[in-house]
Number of protein chains: 2
Amino acid sequence: MTKPRSRRGGGRPTIADVARKAGVGAITVSRALREPERVSEVLRRQIQAAVDELGYLPDPNARALASARAEVFGVLVPSLTNSVFAEVLRGIYDSLFDSSYRIQLGNTHYSGLEEERLLQVFGPQRPAALIVAGVDQTPTSRRLLETAGCPVVQVMETGPDPVDMMVGFSHFDGGKVATEHMIEMGYRRIGFIGARMDPRSQRRLAGYRAAMEAAGLFDARLITTTPVPSSVTLGRELFRDALAKVPTLDGVFCNNDDIALGALFECHRASIAVPKTIGITGFNDLDMMEVAFPSVTSIRTPRYEIGRRSVAMALAAIAGKRPQEPVVDLGFELKRRESTAR
Amino acid sequence: MTKPRSRRGGGRPTIADVARKAGVGAITVSRALREPERVSEVLRRQIQAAVDELGYLPDPNARALASARAEVFGVLVPSLTNSVFAEVLRGIYDSLFDSSYRIQLGNTHYSGLEEERLLQVFGPQRPAALIVAGVDQTPTSRRLLETAGCPVVQVMETGPDPVDMMVGFSHFDGGKVATEHMIEMGYRRIGFIGARMDPRSQRRLAGYRAAMEAAGLFDARLITTTPVPSSVTLGRELFRDALAKVPTLDGVFCNNDDIALGALFECHRASIAVPKTIGITGFNDLDMMEVAFPSVTSIRTPRYEIGRRSVAMALAAIAGKRPQEPVVDLGFELKRRESTAR
DNA sequence: CAATGTGATGGTAGCGCTACCATCGCTCCT
DNA sequence: AGGAGCGATGGTAGCGCTACCATCACATTG
């Protein structure tokens with residue numbers, strides 16, 4: 001008489017269809033799908049057969065509404081094109097591939113305001129977990145994270161005051177170690193060149209500064225930065241600026257590998273010997289740094305591993321098994337290469 | 001008496017709360033939010049005030065369930081780390097930022113099976129649109145796309161038989177133009193080196209082959225490929241292999257810029273003069289190609305624009321304004337640079 | 001002035017699923 | 001033997017929202 005299926009477009013099978021076909025109650029189908037161990041072997045088999053026959057797939061929206069919890073991981077990164085975050089994402093995706101969790105990815109463009117906006121959007125969806133890059137959320141964002149009612153993992157760096165959990169490493173230490181290495185290799189007038197200068201870059205700069213000051217080599221004129229987004233092109237330009245400003249420059253610690261590559265290319269173009277006349281150190285250790293000529297010293301960062309670990313921690317928290325230590329420092333590794341082998 | 005809010009965790013305000021506070025029916029609130037022009041000025045104002053005061057945010061899951069349509073764009077790309085797709089994504093995200101659409105991103109790892117799986121997962125969600133990379137879907141995937149009941153945009157390349165809409169360019173032509181350019185510049189023993197060799201790479205190779213054959217220069221031994229994922233490191237290795245196989249090689253058309261960069265670095269390392277002894281052409285024209293020393297000739301591809309356009313087309317289709325021509329060819333541009341300036 | 005729109009608003013009935021509680025048959029204990 | 005305890009199953013009542021249809025005031029028409 002009534003046509004209850006008429007509104008729904010596809011007329012896809014629902015849990016009621018499966019239940020009817022399997023000769024059980026709808027709730028039993030639901031259980032068989034979500035907690036199989038609570039349903040008897042026999043019914044489970046019947047239900048599975050009905051599911052297969054009908055090609056039933058549960059509606060995630062209805063699930064989310066009924067259970068007040070969506071099987072979604074919300075992920076917030078500041079950039080999609082920065083290969084560093086791309087690798088973190090890869091780790092996250094790989095870790096979640098076998099699960100039934102979907103991923104909703106937001107791009108904050110390094111903006112606190114956009115981050116707030118995206119968290120507002122994620123909130124009503126009741127995600128299963130939230131993974132956000134960085135530790136410098138605005139007060140509003142922080143409150144949104146704290147009241148999200150789900151596990152939250154801040155990734156990329158470690159810090160003192162986690163919203164919930166953290167996975168990363170110390171960018172300050174990274175900058176410090178890189179700089180100390182150059183000092184050790186005999187460089188004295190070591191410049192810092194950096195673009196974007198997001199909070200993590202700032203901390204690398206602070207590490208550089210600490211190392212330079214400790215060695216009595218610090219000179220503010222050695223620092224060349226810009227808020228402009230990083231690129232190889234920009235690296236070249238910044239390097240030229242730095243050299244023009246301080247002609248006695250004998251090394252550069254670059255905020256990231258793109259910048260380092262730009263500096264390296266400029267050295268080639270200007271026939272500046274690397275590592276003899278100028279030493280170069282990058283940050284992140286992208287694949288190409290090892291292949292470059294000369295190969296470029298860099299700080300290897302555990303990007304993929306950060307992605308994997310963040311998911312592992314979130315999943316554990318969802319399962320009620322919170323880690324002892326909420327802050328995980330995955331460290332980094334100095335890769336000594338030709339570009340600083342004076 | 002009853003505690004109807006007890007199940008729901010946060011006790012967030014619902015549309016009923018807003019309706020009560022504004023002194024109107026729930027449905028009117030719903031309309032005020034979705035089709036403001038259908039609600040009188042006065043009520044609209046009252047409702048807005050109530051929304052602001054309560055901090056009401058609609059539950060997207062309930063919306064999706066009730067309206068049989070989720071405000072979600074499903075996006076499927078084969079790789080997260082390949083910067084080509086990262087830029088397509090950036091275009092998609094930028095185009096959707098002001099809208100209320102969320103984005104759910106799937107990574108197919110260049111696998112037809114994983115693509116099918118992801119489409120299965122996206123389906124029950126009833127996304128507003130689907131954007132998928134490539135035109136070589138498996139029959140199952142194709143069927144899933146055709147029955148998705150929403151606009152579908154295939155991106156990255158153009159082809160003869162769109163599921164629905166397409167935005168991209170001809171990889172065959174790209175390979176052909178690149179190769180013809182090298183022939184024109186006087187190169188004769190031009191190798192093709194490529195990794196991954198996904199369908200788009202195959203078509204670039206076919207373009208290369210067509211150009212070489214037309215010039216009477218084709219020789220199968222000039223082709224060096226591997227199914228291994230592309231990287232700068234791999235580019236270097238493949239280039240060495242190619243040179244070992246054909247010592248008379250005087251140029252290489254590289255499947256992509258990473259490979260080209262690897263080849264360039266190897267030339268530096270082996271003191272092979274570029275472009276004099278060997279010419280190099282890349283594909284995609286990443287930022288660094290212009291900065292490299294020597295700068296590297298490449299095919300500039302409209303990646304960001306593909307992302308933007310795909311969203312524009314999907315949005316138009318959602319609004320019922322399907323484009324005249326479902327297949328949009330955005331073309332490409334040959335960037336002549338030092339690496340082929342013999 | 002009755003008949004007929006027309007636009008604004010509201011009520012009802014779900015969307016497909018799961019939380020909660022009830023029921024039922026069985027085992028196991030005293 | 002009787003009842004507590006337990007595991008398996010099902011019914012009911014929503015989750016928060018929107019599609020559909022009804023209603024109502026007011027304008028328009030001949």
Side-chain angles (χ1 to χ4, degrees), chain A residues 1-20 22-47 51 54 56-71 100 123-126 149, chain B residues 1-20 22-47 51 54 56-71 100 123-126 149:
Chain A
M1 202 63 40
T2 55
K3 299 206 299 172
R5 189 60 38 69
S6 63
R7 267 170 73 196
R8 269 296 195 182
R12 292 172 201 251
T14 72
I15 203 167
D17 297 326
V18 176
R20 207 171 308 121
V24 300
I27 192 68
T28 306
V29 175
S30 174
R31 264 197 292 262
L33 261 26
R34 293 179 307 137
E35 314 166 86
E37 71 285 357
R38 292 193 40 188
V39 174
S40 70
E41 179 70 24
V42 203
L43 287 194
R44 223 185 306 158
R45 239 193 269 284
Q46 274 168 244
I47 290 168
V51 164
L54 292 171
Y56 169 75
L57 288 168
D59 180 331
N61 298 122
R63 263 195 178 171
L65 182 60
S67 66
R69 195 44 80 198
E71 289 204 292
S100 57
Q125 220 173 142
R126 303 182 166 272
Chain B
M1 203 62 41
T2 53
K3 297 205 301 170
R5 188 61 34 73
S6 64
R7 268 170 73 194
R8 270 294 196 185
R12 291 174 201 250
T14 71
I15 204 168
D17 298 325
V18 176
R20 207 171 309 122
V24 300
I27 193 68
T28 306
V29 175
S30 173
R31 262 196 294 261
L33 261 25
R34 293 179 307 136
E35 313 166 88
E37 71 284 358
R38 292 194 38 190
V39 174
S40 70
E41 179 70 23
V42 203
L43 287 195
R44 223 186 305 157
R45 238 193 270 285
Q46 274 169 246
I47 290 168
V51 164
L54 293 171
Y56 170 74
L57 288 168
D59 180 333
N61 299 121
R63 263 194 177 169
L65 182 59
S67 67
R69 194 48 78 199
E71 290 204 292
S100 58
Q125 221 173 143
R126 304 182 165 271

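Every chain is numbered from 1 and lettered A, B, ... according to where its sequence line falls, protein lines coming before strand lines. Both backbone and side-chain heavy atoms feed into the values below; hydrogens, waters and symmetry mates do not.
With a 4.5 Å cut-off on side-chain heavy atoms, E41(B) and Q46(B) do not count as touching. For the pair P60(A)/P124(B), a side-chain contact is recorded, criterion being any heavy-atom separation below 4.5 Å from C-beta on. When side chains are defined from C-beta on, R12(B) does not count as touching L57(B), because their heavy atoms never get closer than 4.5 Å. Between S40(A) and L43(A), some side-chain heavy-atom pair lies under the 4.5 Å cut-off.
In this structure, the side chain of R63(A) does not engage the main chain of A70(A) through any donor-acceptor pair within 3.5 Å. Remark: side-chain polar atoms of T28(B) are not paired, donor with acceptor, to backbone N or O of V24(B) under 3.5 angstrom.
Following rounding to the nearest Å, R126(A) (CZ) and dG16(D) (C1') show an atom-to-atom distance of 11 Å. To the nearest angstrom, P of dC17(D) lies 13 Å from CD of E71(B). Between R34(A) atom CZ and dG16(C) atom C1' the separation is 12 Å, expressed in whole Å. One atom, CZ of R69(A), and another, P of dT18(C), lie 15 Å apart when rounded to the nearest Å. Here dG7(D) presents its P atom at 14 Å from CD of E35(A), a figure rounded to the nearest Å. Taking atom CG of L54(A) as the reference point, atom P of dG16(C) lies 14 Å away to the nearest angstrom. What separates CG of D17(B) from C1' of dC17(D) is a distance of 13 Å, to the nearest Å. One can place CG of L33(B) at 9 Å from P of dC17(D), the figure rounded to the nearest angstrom.
Within the structure, salt bridge (charged side-chain N to carboxylate O under 4.0 Å, His left out) contacts touching residues 24-35 of chain A (residues at least two apart or in different chains) are E35(A)-R38(A).
Between atom CG of residue D59(A) and atom CD of residue Q125(B) there is a gap of 8.5 Å, rounded to the nearest 0.5 Å. I15(B) CD1 to L33(B) CG: the interatomic distance, rounded to the nearest 0.5 Å, is 6.5 Å.
Axis angle, first five pairs versus last five pairs of the helix from dC1(C)-dG30(D) to dT30(C)-dA1(D): 40°, rounded to 10°.
Of the listed nucleotides (dC17(D), dC17(C), dA19(C)), dA19(C) has the atom at the smallest distance from the side chain of S67(A). Distance from the side chain of I15(A) is smallest for dC17(C) among the nucleotides dC17(D), dG16(C), dC17(C).
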Give me, pair by pair, the N or O atoms of the protein and of nucleotides 9-11 of chain C that are less than 3.5 Å apart, along with how far apart they are.
residue, atom, partner, partner atom, Å
dT9(C), OP1, S40(B), OG, 2.7
dT9(C), OP2, S40(B), N, 2.8
dT9(C), OP2, S40(B), OG, 3.4
dG10(C), OP2, G25(B), N, 2.9
dG10(C), OP2, T28(B), OG1, 2.5
dG10(C), N7, R31(B), NH2, 2.9

